[in-house]
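These figures come from a predicted structure and were not determined experimentally. Residue numbering restarts at 1 for every chain, and letters A, B, ... go by the order of the sequence lines.
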Amino acid sequence: MSDPHLVIDRVSKRFDPRVTLGDRIAARLGARVELRGVQAVRDVSLAIAPGETLGLVGESGCGKSTLGRMAAGIMAPTSGTVRLEGRPVMSPGGTKLTTRVQTVFQDPFASLNPRMSVGEILAEGPVAHGLTTRENARDYVAGWLDRVGLDRSYVGRFPHQFSGGQRQRIAIARALAMQPDVLVCDEPVASLDVSIQAQIINLFLKLRRELGLTYLFISHDLGVVRHISDRVAIMYLGRIVEIGTADALYADPRHPYTQALLASVPRLMTEDAVGAEFAPIAGEIPSPLAPPPGCPFHTRCPAAGPRCVAEMPDLVPTGAQRVACHLYTGGVELAA
Amino acid sequence: MLGFIIQRLLQAGLVMLVMSALVFVGVFAIGNPIDVIISPDATQDIRARAIAAYGLDRPIWEQYAGFLGRLLQGDLGRSFVFNMNVTDLIFSRLPATLELTLVAVLGATFIGVPLGIYAGYRPDSPVSKGIMAVSVLGFSVPTFWIGLLLILTFAVWLGWLPAGSRGPTVEVFGVGWSFLTPEGWKHLLLPALNLSLFKFAMMVRLSRAGTREIMLTDTVRFARAAGLSEWTILRHHVLKLISIPIVTVFGLEFGSTLAFAVVTETIFSWPGVGKLIIDSINSLDRPVMVAYLILVAALFVTINLLVDLTYALLDPRLRRKGA
Amino acid sequence: QNLTIGTRAGPESIDPHFTATGTHAEALKHVFDTLVWSGDQLQIEPRLAESWRQIDPTTWEFKLRKGVKFHDGSDFTAEDVKFSIERIPTVSGPNPTTIYVRRVKDVTIVDPHIIQVKTDGPAPALPYDFIRLFIVSHKAAAGLTKETANEAFNNGKAAIGTGPYKFVSWTPKESFVVERFDGWWGEKQPWARVTRKELPNDAARVAQLRAGQVDLAVRIPAADIATLQRESSLNVVKGDTVYVFNMEFDFREKSPQVSAKDGSALPANPFREAKVREAVDLAIDRPALAEIAMEGLGRPVNQMVTSNTFGYNKSLPELKPNLQRARQLLQEAGYPNGFKVTFNFTNDRLPGDRAVGTAVAQMLARVGIEVNANGQPGAVLFPARTRGDYSLVMSGWGTITGEASYTLSSLGHTNNKELKMGAFNWRGYSNANLDKLLQDAAVEVDEAKRRKLLEDAGALFMQERISLPLVAVSSATAFRKDKVEPKLIRVDEEVLAMDVVPPKK
Amino acid sequence: MTEPLLQVRDLHTHFFTRAGEVKAVNGVSFSVDRGRVLGLVGESGSGKSVTGYSILGLIDPPGRIVSGSIRFEGRELVGLDPDELRALRGRRIAMVFQDATATLNPVLTVGRQMTLAIRAHERASDRAARDLALDVLKKVGIPDPASRLNTYPHELSGGMRQRVAIAVALLHRPALIVADEPTTALDVSVQAQIIFEMRDLVRSLGTAMIWITHDLATVSSLADDVLVMYAGRMVEAGPTRVTLRAPRHPYTAGLLASVPSRNPKGVDLPQIPGSTPSLLRLPPGCPFQPRCPRATPVCREDPPRVVDSGREALCHHPLPPASQAAA
Amino acid sequence: MTPTDTTLTSQDPVTLPAPEAAPAPVPPPVSPLRAFWAEYRESWIAVIALAVVVLVVLAALLAPWITPQDPYDIANLSLMDARRPPGYVGAEGYTHWLGTDANGRDLLSAILYGLRISLQMGLVAGLVALSVGTTLGLVAAHSGGRIETAIMRIVDLQLSFPAILLALVLVAMLGQGKGQLIAALVAAQYAYFARTAYGAAAAERRKDYVEAAHSVPLSARRIVFRHILPNIMPPLIVVATVQIANSIALEATLSFLGLGLPVTEPSLGMLISNGFQYMMSGRYWISIYPGIALIILIVAINLVGDQIRDQLNPRLKR
Ligand SMILES: Nc1ncnc2c1ncn2[C@@H]1O[C@H](COP(=O)(O)OP(=O)(O)OP(=O)(O)O)[C@@H](O)[C@H]1O
Ligand SMILES: Nc1ncnc2c1ncn2[C@@H]1O[C@H](COP(=O)(O)OP(=O)(O)OP(=O)(O)O)[C@@H](O)[C@H]1O
Ligand SMILES: [Mg+2]
Ligand SMILES: [Mg+2]
């Protein structure tokens with residue numbers, strides 16, 4: 001792979017609850033006051049090469065969006081940095097420093113300002129950042145509308161006049177109009193209908209071909225991620241537990257969580273092959289307020305041993321991918 | 001929860017401080033209270049002596065500091081007009097106001113909520129439209145105006161009820177309550193009705209809006225799907241759900257009703273604290289003004305606190321947070 | 001038989017020496033007697049003092065009534081009088097009753113029923129001061145301080161007087177209850193129990209009267225008189241009072257609220273110009289104020305004091321409006337286009353104050369003076385007036401002592417602290433002639449001479465138009481015919497249970 | 001042959017809104033036999049939920065069943081007296097909704113909500129009600145059910161909440177459960193658990209079920225029969241395996257084709273162009289005609305009719321049947 | 001592999017079929033305002049209320065031209081015409097259809113002018129409170145942290161304190177006059193706007209479109225004023241209608257308590273208060289007619305507000 005382009009370097013994010021003066025006094029007085037924060041992302045490092053698509057998969061609440069936000073420079077990490085071509089995307093004060101990372105969000109109904117016309121939505125950023133002038137904005141916008149397969153005549157319309165798929169195209173056009181290198185897509189097809197989903201996936205594929213975009217593609221749909229990604233990272237409770245090329249990871253998942261996750265998804269069966277059924281993972285995700293010690297997955301892991309409770313596994317190369325599991329670093333029993 | 005309570009109390013202290021400072025500055029800006037109270041034939045010298053005796057010639061910050069100092073010892077001062085301890089003065093009138101307010105707010109709630117639920121349950125029926133019409137009127141028409149019409153109609157014209165004042169009281173716990181006598185109720189009825197009208201409208205609107213929204217939720221649909229009768233749904237699901245906003249409003253309204261009693265008390269010559277505050281504003285009786293506002297602020301904070309605690313009782317979702 | 005009176009206010013304590021407010025005195029007259037009584041026309045009459053005389057210019061001797069008992073059964077003696085007089089400065093509140101004893105230097109007990117009062121100078125009007133000198137029992141009220149006095153009085157312990165009624169209970173701003181004292185020295189009272197209900201709102205008072213909750217209501221608004229009279233069970237009596245609405249001009253060189261019509265400053269304060277004051281005077285239609293603004297509850301006046309007052313000048317002419325002349329005078333004074341002024345008046349103190357104020361503003365507008373009528377609560381107006389914020393003010397003034405020097409010297413004398421005169425002359429008026437007349441009157445012992453001095457002062461006051469008296473306030477009292485019948489109507493507006501009797505069948 | 005448990009014939013449910021008449025369900029017919037699972041699939045807004053609500057008589061104004069028949073256990077439900085309908089609901093037919101957080105009342109305990117549902121149909125003592133509730137909670141796989149009775153919904157995880165909702169539906173051992181996307185709001189792992197458990201439950205209880213979803217994969221692993229809806233109309237119905245293997249309607253075929261996992265990685269997916277029509281302005285003929293590659297002028301005018309009885313595809317130009325396709 | 005009918009795939013996967021072939025985007029381009037009006041029109045009560053409000057506003061605006069008398073020009077008033085019953089023909093020769101008040105004002109004129117003042121007070125106070133409150137709410141929602149805490153604490157404190165008392169104290173403090181009264185009304189009401197704006201903005205801030213704006217990135221000012229502000233207007237408008245009605249009522253109440261405007265330029269509240277003393281003496285018109293005018297105005301505004309509120313409530317949409 002070529003030089004990394006977007007580098008996420010040991011990034012963590014913690015959400016601390018608001019503590020009032022009263023809470024503090026009460027805590028002094030010995031009352032139980034919730035001071036624990038949510039450790040949404042824990043010490044994650046990733047590097048994405050130019051033109052590469054990295055898929056990020058995980059269950060709800062595991063920190064995908066949080067990581068995506070930090071990668072896009074919308075949210076400041078508690079620790080660690082995100083760099084684009086060596087330069088941080090965000091100042092320590094929380095100001096975004098680059099326009100070269102843009103985002104596409106999940107909900108096409110919420111991601112467009114309902115009070116702005118399509119033209120305004122698309123032109124606002126480029127005009128503000130000097131990518132085009134106010135006078136040329138119309139043509140500029142029309143060009144991007146073409147690109148995402150929307151009619152130029154739509155510039156004057158408002159978001160509520162479009163269907164979900166069309167809105168998502170507008171959202172993509174808005175991101176593209178900023179001429180980004182990297183697109184962070186946070187579940188961009190999750191809320192679309194099946195028949196529309198394919199259109200948008202195809203659009204992403206086409207844009208990658210034509211513009212050489214780099215994607216951080218977040219989804220919980222394993223099928224979609226597989227289809228679009230070069231590499232895939234699996235997240236669990238704020239940590240990356242396995243990362244590798246899509247083919248290798250799907251063909252030979254190493255982490256027990258990845259294995260269970262892949263097995264738990266019902267597959268579309270059209271043959272009478274009844275045997276290949278899915279099997280759910282036992283239990284539920286622990287609360288991020290009180291993450292279990294050691295390996296976060298040990299509470300649900302069929303292969304867990306004493307070491308998993310005591311020790312947090314590191315992400316180490318295992319086969320074609322990198323995995324954070326004790327199974328591959330000496331077993332789950334505690335070393336004597 | 002404790003932290004929350006402490007936070008509230010801290011805020012309460014702050015409100016009271018701000019309110020009292022405001023009154024001090026305000027009264028200072030209006031003028032010297034002695035000028036309002038003193039007889040026209042007092043000589044300069046008598047006036048000067050009176051002013052000095054009450055420390056009104058001192059700089060305002062000094063007066064305020066003195067006030068705070070005494071406040072810390074639990075002394076709110078003495079009324080300029082009555083030379084009584086203002087706490088005594090206010091507490092002697094508080095039962096009258098409390099009684100009036102309670103009757104008004106309880107009445108408004110117990111009549112308004114069922115009607116509101118009905119109007120929300122059957123938003124298009126003529127009865128509901130009628131209920132809403134009344135509530136819009138109650139919401140819009142200024143209290144003083146309704147008060148007048150009530151007196152005019154029921155006391156003067158029909159002669160059914162007294163035109164004002166409080167009825168005979170019965171002592172309970174050393175406090176006189178008038179709602180314990182039939183005659184007392186007769187006196188209480190009109191002012192309470194007057195005062196409750198706005199609250200009534202409020203309760204109707206609130207419970208109607210709440211019911212309408214809840215009726216469209218999946219919760220109700222699910223209850224219906226489980227075969228629950230409409231009555232059970234209203235009684236167990238809807239009532240419980242709308243009770244949360246209603247309790248909030250009940251609490252807040254209780255406070256603001258206390259404050260709004262000013263108008264009703266003036267019209268109905270109800271010997272409560274509301275009238276006292278108007279009188280003390282008119283005579284620049286600063287200690288009473290300050291004490292009253294502090295009291296109201298304290299009352300408000302207490303009520304808000306109670307509301308929040310009740311809230312937590314009613315809404316289990318909040319309980320855990322507070323644990 | 002019980003009597004319930006709907007009053008506006010008072011008392012503010014049961015301690016009679018706490019405050020000099022009129023309604024306070026009115027209420028407490030039932031419980032405490034005064035040394036000297038003021039009659040319905042404010043004529044002074046014996047009360048606890050049977051007679052008095054001036055034995056030298058600075059000494060008055062009072063002979064006290066014998067056989068008077070306090071409510072606790074003890075005898076009334078000179079000791080109580082001395083105690084009461086000396087007590088006043090120690091317990092007075094923000095409206096000090098010290099004004100009633102301001103001339104007193106020393107009190108000497110000659111014998112249990114004779115007392116001598118030394119004044120700080122010749123004080124011919126001393127008995128007038130004593131009409132509100134309440135006598136408390138020196139035993140019951142002994143040792144009370146400013147802090148403890150109120151509690152002791154309010155809970156009845158010290159509320160021991162010699163008056164016709166005994167104190168029963170009092171709730172501030174609500175009701176004051178007394179019951180007959182059978183040991184009173186005067187004639188037996190018809191009421192076993194008297195309740196004064198405080199109903200400051202006029203409409204409420206009227207409504208309660210009609211609803212039968214009170215037997216008698218004071219100060220009926222003019223608007224309601226006719227209707228009440230129409231009701232068969234009710235009746236209304238009207239009476240004159242000593243209160244006169246008057247308009248005060250600012251005489252200072254620079255006046256804050258007067259300007260040319262376009263808002264620019266005037267070269268001088270127009271009210272210093274006699275012609276302007278006369279023009280204002282001529283613009284005012286006093287009968288219209290009385291008949292229309294006050295709906296008959298007023299009387300046009302031509303001087304600051306009313307006819308029953310000592311020092312009233314009978315020779316002064318009636319004041320008639322003359323708009324043409326008024327305009328002409330304005331022109332002559334150099335204000336052909338008039339000027340602009342803010343006219344301040346109270347809107348919550350006396351019946352009709354708001355109506356009269358607005359009507360006067362209307363009248364001034366007709367001669368070309370642009371008036372910004374600013375009616376406001378007394379709480380705002382009085383302190384501002386004292387500060388000198390105003391150019392033109394109207395308020396009511398009552399010569400409650402019954403003699404004219406009280407009014408004339410407060411309003412017309414140069415503001416002088418030493419002489420204790422001109423306390424209400426906030427507007428910088430000074431006239432040596434008037435000062436002289438008033439100072440002479442203050443020390444003149446001969447009654448006829450004093451009357452003459454005051455009449456002259458009154459005439460000069462009017463000639464100078466220092467203030468413009470407008471209308472005197474009348475007062476109406478309504479009552480239930482079947483329950484009560486007022487014997488007399490007092491000019492000081494006090495309504496006392498003693499003046500009310502059950503109707504003769 | 002006995003009558004099926006539920007037979008829906010030519011159901012039309014419309015909403016009379018401000019903007020016009022929304023034909024949410026526009027001529028749907030199907031039947032469900034005892035113990036069978038019918039998968040109802042379709043895109044968002046295609047009328048799946050409304051079909052479900054129609055069966056339970058839960059259509060609120062401005063909606064109304066305009067025509068059609070719903071026969072359940074030999075009784076006609078359309079036009080049935082509201083009280084009788086209510087007596088059926090929860091007892092003979094039950095329903096589970098998509099979002100358990102929204103369906104459970106947040107201010108009532110689990111036990112209370114279950115008791116209310118029990119008492120809606122039978123007089124039960126506190127004890128009996130409690131026992132029944134415990135029993136059913138255990139059945140739906142809730143660990144330590146006794147302690148759950150006193151908890152409030154928010155104290156449970158999403159999966160547990162949905163299980164409680166399912167338990168409420170099962171209380172009276174209904175003959176039919178209408179499950180409206182009960183797993184859509186859940187996590188993949190929990191979703192799998194619930195599907196698993198539901199399948200076992202209906203099998204063991206012999207309950208019939210209508211499983212509403214937009215996920216073809218779920219249907220394929222759960223349902224015996226499938227019915228595909230598009231814009232308020234049914235487009236295809238038949239046994240699951242057969243239908244999914246050899247769809248005859250171009251829409252079904254298009255959907256199946258566009259599933260990413262059935263395509264080589266990274267290549268463009270076969271897609272259906274355009275988007276779903278507004279139910280307010282349905283084209284006169286076949287609703288899918290504007291997006292259909294096989295459309296001909298006849299599709300524009302005539303709504304298609306049923307082609308064969310066991311397997312139905314409402315299309316003028318259906319794809320060849322399975323045997324031919326395989327060839 | 002499963003049968004895949006290749007005809008299903010169009011050649012260029014990204015190009016949509018020609019627009020006429022594709023179904024129109026969801027609803028046809030109806031302007032939101034027009035749709036709003038179409039829905040509004042369905043409630044005849046609300047339509048009447050709106051008509052009343054419009055009429056009243058017009059009448060108030062045109063008062064100087066349509067009233068027989070300028071009731072504020074006191075030189076014009078004749079004391080002789082005071083307190084005449086409706087229908088009386090006054091000195092100037094025209095009929096006082098609603099009678100006259102204690103100063104000889106034609107009541108019809110006085111009411112129209114009074115409406116003017118009441119409306120003016122309500123509107124000005126409402127608008128000032130709206131802008132002050134909204135700004136504070138937005139600043140709080142956007143800045144977060146200490147500033148947010150400080151602003152919202154103050155607002156909460158104020159909300160927990162009865163508006164009427166606050167207004168009473170302020171009027172007593174500041175003195176009387178339009179400016180002072182407006183200040184008091186604003187002080188009593190801005191907190192409602194601040195709360196609403198804050199709540200709405202805090203909800204809006206979490207929406208993806210705001211996040212998208214951040215990700216561009218756009219300046220904070222721009223995000224707050226171009227993106228958030230327009231989207232929180234609906235709830236603010238609802239609050240504004242209620243608060244304007246409240247201002248009018250509050251002003252009337254303050255006037256009634258003697259703490260309102262100067263007597264010579266009476267608002268409706270002042271007129272009612274002035275006429276109050278004549279109620280029992282049968283001269284009802286002095287107080288009743290202004291009272292009716294006031295009630296009609298407030299009821300109409302509230303009805304309009306109710307309808308807007310219902311229409312803006314997404315949960316009641318159908
Ligand atoms: N602003 C916030 N304040 C507090 N906690 C937050 C915040 N944002 C996210 N979290 C918490 O951080 C954790 C990770 O959230 P995140 O949104 O990144 O998850 P996700 O993987 O995107 O989930 P989903 O699939 O539901 O979108 C969650 O537990 C969430 O509750
Ligand atoms: N109360 C209602 N008023 C008006 N239209 C309604 C109402 N309920 C449903 N509809 C309309 O009926 C159509 C079908 O809705 P339905 O909820 O059945 O869709 P669905 O297939 O369940 O979709 P989803 O997968 O989103 O749940 C939709 O177009 C919807 O707009
Ligand atoms: Mg997310
Ligand atoms: Mg649905």
Side-chain angles (χ1 to χ4, degrees), chain B residues 113 117 119-126 128-129 207 210-248 250 307-323, chain D residues 49 52-53 55-62 82-110 112-122 150-155 164-165 167-172 174 177-180:
Chain B
V113 171
I117 292 182
Y121 180 65
R122 293 242 174 280
D124 294 323
S125 88
S128 305
K129 296 242 157 96
S207 29
T211 307
R212 264 184 91 177
E213 284 185 9
I214 292 167
M215 288 316 289
L216 298 176
T217 56
D218 272 356
T219 303
V220 167
R221 187 171 270 171
F222 182 65
R224 283 187 176 147
L228 267 60
S229 69
E230 296 296 287
W231 175 242
T232 314
I233 291 175
L234 284 179
R235 216 162 64 95
H236 291 280
H237 287 279
V238 176
L239 191 63
K240 194 94 197 260
L241 281 170
I242 61 167
S243 65
I244 294 166
I246 283 175
V247 164
T248 322
F250 180 90
V307 165
D308 286 329
L309 296 179
T310 321
Y311 216 92
L313 260 181
L314 286 174
D315 192 342
R317 285 166 292 189
L318 294 174
R319 239 177 269 163
R320 184 167 51 178
K321 232 171 90 190
Chain D
S49 298
Y53 297 149
I55 296 169
L56 275 91
L58 286 177
I59 302 292
D60 287 326
D83 278 334
E84 285 182 50
L85 199 57
R86 189 185 66 70
L88 279 180
R89 280 203 297 262
R91 196 167 55 83
R92 300 304 303 154
I93 318 176
M95 187 155 179
V96 182
F97 295 82
Q98 174 168 350
D99 183 2
T101 317
T103 54
L104 294 180
N105 189 332
V107 299
L108 297 179
T109 59
V110 167
R112 182 103 188 92
Q113 298 192 51
M114 296 188 78
T115 313
L116 284 175
I118 293 169
R119 297 233 168 100
H121 298 292
E122 60 193 63
N150 293 322
T151 57
Y152 288 92
H154 73 97
E155 294 167 290
V164 170
V168 171
L170 291 176
L171 278 173
H172 299 279
I177 295 184
V178 180
D180 187 0

Heavy-atom pairs under 4.5 Å with chain B are the metric here; pick the option from D:R112, D:H172, D:Q113 that has the most.
D:R112
Between B:S243, B:A225, B:A223, the one whose heavy-atom pairs under 4.5 Å with chain D are most numerous
B:A225
With the side chain counted from C-beta on, respond yes when B:M215 and D:D60 share a heavy-atom pair under 4.5 Å apart, and no when they do not.
no
Could you tell me the separation between the NZ atom of B:K240 and the CG atom of D:L108, rounded to the nearest 0.5 Å?
5.5 Å
Count the heavy-atom pairs under 4.5 Å between each of D:A94, D:P153, D:A117, D:A102 and chain B, then report the option with the highest count.
D:A102
Just by modelled atom types, is the B:A226 backbone N or O under 3.5 Å from a matching donor or acceptor in the D:H121 side chain?
yes
With a 4.5 angstrom heavy-atom cut-off, is it the side chain or the backbone of D:R86 that approaches chain B, or both, or neither?
both
Given that the side chain runs from C-beta out, which part of D:I93 has a heavy atom under 4.5 Å from chain B: side chain, backbone, both or neither?
backbone
Which answer fits B:I214, side chain, backbone, both or neither, if we ask what part of it has an atom under 4.5 Å from a heavy atom of chain D?
neither
Using non-hydrogen atoms only, which part of D:L56 is less than 4.5 Å away from chain B: side chain, backbone, both, or neither?
side chain
Strictly distance-based, threshold 3.5 Å: is any side-chain N or O of D:R89 a donor or acceptor partner for the main-chain N or O of B:R224?
yes
So, taking the atom named CG in B:L228 and the one named CG in D:L116, what distance separates them when rounded to the nearest 0.5 Å?
5.5 Å
Below 4.5 Å, heavy atoms only, C-beta onward: do B:R221 and D:T103 meet side chain to side chain?
no
Taking side chain as C-beta onward, heavy atoms only, is D:D83 less than 4.5 Å from B:S229?
no
Tell me, for D:A87 versus chain B, whether the close heavy atoms (under 4.5 Å) come from the side chain, the backbone, both or neither.
neither
For side chain to side chain contact (heavy atoms under 4.5 Å, CB included), just list the numbers for D:R119 and B:T232, CA-CA rounded to whole Å, side-chain angles, deciding distance to a tenth of an Å, and then say yes or no.
CA-CA 10 Å; D:R119 297 233 168 100; B:T232 314; over 6 Å; no
